[in-house]
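Take a look at the structure below.
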Number of protein chains: 2
Amino acid sequence: MVTKQVRDAPATLESVAALAGVSRATAGRVLSGATNVSEGARTSVLDAARQLSYVTNQAARSLVTRRSGSVAFVVAEAEDRAFGDPFFPGLLRGAHAEVSAAGKPGVRDGDRRAGPPALERFAAGGHVDAAVFVSLHGDDPLPRTLRDAGVPVVLSGRPYRAGTRFPFVDADNEGGAALAAHELVDRGSRRPATVTGPADMIAGEDRLAGFRRGLQERGVALPPSRVVAGDFTIQSGYAATERLLRQRYRPDGVFAANDQMAVGAMQALREHGVSVPGEVRVVGFDDAPLAAATHPGLTTVRQPVEQARPRDGAGWCSSLAADPAAARGRRVPSRVLPTELVRRGTT
Amino acid sequence: MVTKQVRDAPATLESVAALAGVSRATAGRVLSGATNVSEGARTSVLDAARQLSYVTNQAARSLVTRRSGSVAFVVAEAEDRAFGDPFFPGLLRGAHAEVSAAGKPGVRDGDRRAGPPALERFAAGGHVDAAVFVSLHGDDPLPRTLRDAGVPVVLSGRPYRAGTRFPFVDADNEGGAALAAHELVDRGSRRPATVTGPADMIAGEDRLAGFRRGLQERGVALPPSRVVAGDFTIQSGYAATERLLRQRYRPDGVFAANDQMAVGAMQALREHGVSVPGEVRVVGFDDAPLAAATHPGLTTVRQPVEQARPRDGAGWCSSLAADPAAARGRRVPSRVLPTELVRRGTT
DNA sequence: ATGAAAGCGCTAACAG
DNA sequence: CTGTTAGCGCTTTCAT
């Protein structure tokens, strides 16, 4: 007597082929979408596959194709900040959307706590077809290491050292910050100030540079006393703003390099009895969910972190994920995404 | 002339064995940490491996062991909320910490947007050793589907239907909410109100139940008019609180079912000129980073979402990840993690 | 258009 | 303790 073993024996190409009455090769052709198969064979294979609820064994496939079908999402960030920053999940989400749109089953997200060696081995071990680096600090060697190991690498955010020619995708931080400067001045601020991001992050630097340029274009000065350092947290925005308020000539405008810090700034302002936007105007950066939730709503610079990506088949990790071979060979072009001012109540 | 091909030919067990002068089997034993190998063999294999910078090919290994070494992290959540909620990255991070501590290389995170069939196929295709479900709504069928497909499943959060016996890990939402009720009353509130979470999330229900119980224990009533619905967003907390403030007898205490809503509540209160904690006391839930950043600091109920996990070798996905075979066979015990009140300035 | 056959790199018996 | 021998399930020439 023959017993059907459903649970214990997952369907294989072999079994599907048998049921369909064709060879394993043909079954494989059908299931991997080759064109040169007769109609008859195709339908019977497809039927058999459905009947056996066949799913292709990725390990076996990877073994021969030398592709894993997933891309690493590496967060090179102090633990607390990465996960605390609302910005980061958006990126993850965008990556997801793109990758799955490209027909890849999932994103593999790495973590640096295990230490570079672990990650390196992981990536080099054929686990991933490519790696996306997010929120890089300073001059991290890991991207280079991976690239040297043959893994295509894309950076989210402009690389710190101009020398290392990695393809990247970034928002136009510089241009967006200039927009913020214009807004502040055009609304009447004459003594604008800024709360910067951490010095080792290129996004922070770019935003400061852009803010400087924007003010200059409007003929407004930015003395060093009105540039205070933050680190992208709410608390740092609060503290930096308090420092600003202690000055003899209080600023009448604050550009915070991200929304978190802008929220902290608003709290400090409110507690010191300073009206927003009456006495001090505030502009943030990112257009995080938080920005729409403050009262008054925070005017901010939107970057298309996730919104723009799913619609955009051309760039970023989608190009990587969709065709690792191409990425491996050709250059993936870098892209700078446009930013725009979202005017709410704080200006 | 012989040319060394470093890049194009990744080292295999074969090549390592050859260089070390042993058989492939012995090399394999060494590299997978078997004990029954002579010192001599061990060192020469290790040397050869280092020299060739050998990394084991996971696909090949998976093919034979039928293990992938990764666990799925499935977020069954309305897109916006999952990624907007600061709570969620914490979970991801906790999962990461546990899984990598257990020697697994990474977490595979799934997404439901591709649709259940895709995810199902993915998980059933031998891609993952287990699946962790996060933030389940209502009575989602997917966990059952996966379990039926032979994938061990663990739920983060108590399952909606008591009937389905899935192992889960959850915070003591009920107990924590009772703590919040006690705090409010003990600090002087006599007309406490609550902003609830969405009705289809068990955590929201549990918190409401716990709040009810806590008040009852203090002999304080909770009329239906002081129970308003929110959906865990800042905005909903703001709106719900405004509704509360329009009532004839204003509440003198608000328990929001999460910190986001508590922040919204504080905004509404402030805008209506209501002092916190002077006229109205506020308590949140989660102890999100946001809670420490408000002014005054938000009193809230902390749940050990991530903190407790890495230290705790026994539970949750660590047990899954560390030993999928055991999980597949035996029951993974469910666990309810303790909550505690974090007193800041709003009570 | 289809089948047969040869591995991909690894692990797991099984002998020695 | 070590080597030999089989495959895991799939893709891919190469014939047919």
Side-chain angles (χ1 to χ4, degrees), chain A residues 5 8-46 48-49 52-69 105 121 124-127 129 324-325, chain B residues 5 8-46 48-49 52-69 105 121-122 124-127 129 150 324-325:
Chain A
Q5 295 187 288
D8 315 63
T12 79
L13 212 43
E14 186 80 47
S15 59
V16 171
L19 204 165
V22 299
S23 75
R24 185 164 73 246
T26 305
R29 286 185 187 107
V30 173
L31 265 4
S32 57
T35 54
N36 47 345
V37 189
S38 73
E39 247 339 286
R42 144 161 283 105
T43 52
S44 58
V45 167
L46 253 27
L52 270 38
S53 60
Y54 168 83
V55 292
T56 115
N57 180 322
Q58 278 296 337
R61 183 204 291 265
S62 294
L63 183 54
V64 46
T65 59
R66 315 188 134 287
R67 292 275 174 61
S68 73
R121 290 177 65 87
H127 269 296
D129 295 340
Chain B
Q5 293 187 288
D8 314 65
T12 77
L13 212 43
E14 187 79 48
S15 60
V16 171
L19 204 164
V22 299
S23 76
R24 186 164 76 246
T26 305
R29 286 184 186 107
V30 173
L31 264 5
S32 56
T35 53
N36 46 345
V37 187
S38 71
E39 248 337 289
R42 144 160 284 106
T43 52
S44 57
V45 167
L46 254 26
L52 269 39
S53 61
Y54 168 83
V55 291
T56 117
N57 179 322
Q58 277 295 336
R61 184 205 291 267
S62 293
L63 184 54
V64 46
T65 59
R66 316 189 132 285
R67 292 277 174 62
S68 72
R121 291 177 62 89
F122 180 66
H127 268 296
D129 295 340

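Per chain, numbering begins at 1; letters A, B, ... match sequence-line order.
- Closest to the side chain of Ala60(B), out of dT11(C), dT2(D), dG9(C), is dG9(C).
- The nearest heavy atom of DNA chain D to Ala25(A) and to Thr26(B) marks one nucleotide each, and the one closer to the 5' end goes with Thr26(B).
- Nucleotide dA5(C) holds its C1' atom 13 Å from the CD atom of Glu14(A), rounded to whole Å.
- In this structure, the CG atom of Leu63(A) is 12 Å from the P atom of dC10(D), given to the nearest Å.
- Atoms CZ (Arg29(A)) and C1' (dT11(D)) sit 10 Å apart, rounded to a whole Å.
- For the atom pair CG of Leu63(A) and CZ of Arg61(B), the computed distance is 13.0 Å after rounding to the nearest 0.5 Å.
- Here the P atom of nucleotide dG7(D) and the CZ atom of Arg24(B) are 14 Å apart, to the nearest Å.
- Atom pair Leu31(A):CG and dG9(D):C1' shows a separation of 12 Å (rounding to whole Å applied).
- Nucleotide dT2(D) holds its P atom 10 Å from the CZ atom of Arg42(B), rounded to whole Å.
- For the atom pair OG1 of Thr65(B) and CD of Gln58(B), the computed distance is 7.5 Å after rounding to the nearest 0.5 Å.
- Here dC8(C) is the nucleotide among dC8(C), dT2(D), dC10(C) with the atom lying nearest to any side-chain atom of Val64(A).
- Nucleotide dC1(D) holds its C1' atom 13 Å from the CD atom of Glu39(B), rounded to whole Å.
- Phosphate contact (OP1/OP2 of dC10(C), side-chain N/O of Ser32(B), threshold under 4.0 Å): absent.
- Using modelled atom types, no side-chain atom of Ser15(B) and backbone atom of Ala11(B) make a donor-acceptor pair closer than 3.5 Å.
- Separating the CG atom of Leu13(B) from the P atom of dT11(C) is a distance of 6 Å, rounded to the nearest angstrom.
- Between Thr12(B) and dC8(C) there is no side-chain polar atom (N or O) within less than 4.0 angstrom of OP1 or OP2.
- Residues Val45(A) and Val22(A) meet the side-chain proximity criterion, which asks for heavy atoms closer than 4.5 Å.
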